[in-house]
Structure formats: C-alpha cells, structure tokens
Amino acid sequence: TVRRRHVYPVGAALVAGKVLRDRALGSESTYRVLDATDSIVDLEVIAAPGLKPGARIQVCVTAARAMEAIPPSAAAPQAA
C-alpha cells in the first residue's frame with residue numbers, strides 16, 4: 001500500500017530556491033528547485049544516494065509535489 005504523506009493543491013508553487021525532501025525505500029534525498037513549467041520541474045541534487053551533489057535532474061510536477069517542502073537550513077548534506 002502506498003500512502004502519500006504530502007498532498008499539495010494543484011496551484012502549489014514550485015518556485016526556484018524551494019527545497020524538497022523525498023523519502024523512499026529507507027533513504028532520503030534533498031533537492032533544490034531550479035525551474036518549473038506546467039509539466040516538468042528542474043532540480044539540483046543537494047544530497048541523494050547514487051547522485052552527485054550539484055547534478056541536475058528533471059521530474060514531473062506530480063512527483064515534485066509529492067515531495068515534502070523543507071526549510072533550506074534543514075537540507076545541509078550530512079557528513080559521511
């Protein structure tokens with residue numbers, strides 16, 4: 001069973017600079033929003049398993065809205 005923790009209204013803004021956290025399969029990833037259109041969100045990796053910090057990725061708007069918005073101060077990469 002999939003349980004959505006965060007459901008955003010259709011008009012929820014994905015503005016540049018917003019920090020998003022995604023938790024799945026026992027791991028946590030954080031991303032910074034760079035740009036968003038009606039269907040695609042450009043993200044910069046802050047910390048994510050298997051991805052280099054600073055890498056750029058694109059996700060669909062629905063996936064980005066399913067992530068949790070967090071304060072930028074909470075997104076500092078953890079020391080390994």
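What's counted below: heavy atoms across the whole structure, side chains too, no hydrogens, waters or symmetry copies.
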Query raised in the report: Tell me, which pairs form a side chain to side chain donor-acceptor pair (under 3.5 Å) where one or both residues lie in residues 31-41, sequence neighbours left out?
Result: none
**Report entry** Pairs satisfying side chain to side chain donor-acceptor pair (under 3.5 Å), at least one member in residues 46-56, at least two apart
**Finding:** none
Query raised in the report: Quick one: side-chain hydrogen bond (donor to acceptor under 3.5 Å, both in side chains) partners of Gln58, sequence neighbours excluded?
Result: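 Applying side-chain hydrogen bond (donor to acceptor under 3.5 Å, both in side chains) to Gln58 gives Asp42.
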Report task. Step by step, work out the side-chain contact (heavy atoms from CB on, under 4.5 Å) result for Leu20 and Val33. Result -> CA-CA 7 Å; Leu20 303 174; Val33 175; 3.8 Å; yes
Query raised in the report: Do Ile46 and Val19 have side-chain heavy atoms sitting under 4.5 Å apart?
Result: yes
Requested in this report: I would like to know whether Met67 and Arg21 meet side-chain contact (heavy atoms from CB on, under 4.5 Å); could you show each step before the answer?
Outcome: CA-CA 6 Å; Met67 296 181 194; Arg21 174 171 50 204; over 6 Å; no
**Report entry** side-chain contact (heavy atoms from CB on, under 4.5 Å) between Leu43 and Leu34, intermediate numbers included
**Finding:** CA-CA 5 Å; Leu43 301 174; Leu34 298 175; 6.0 Å; no
Requested in this report: Please report the shortest heavy-atom distance between Glu28 and Pro49, naming the atom on each side.
Outcome: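 Shortest heavy-atom contact: O-CD, 3.7 Å.
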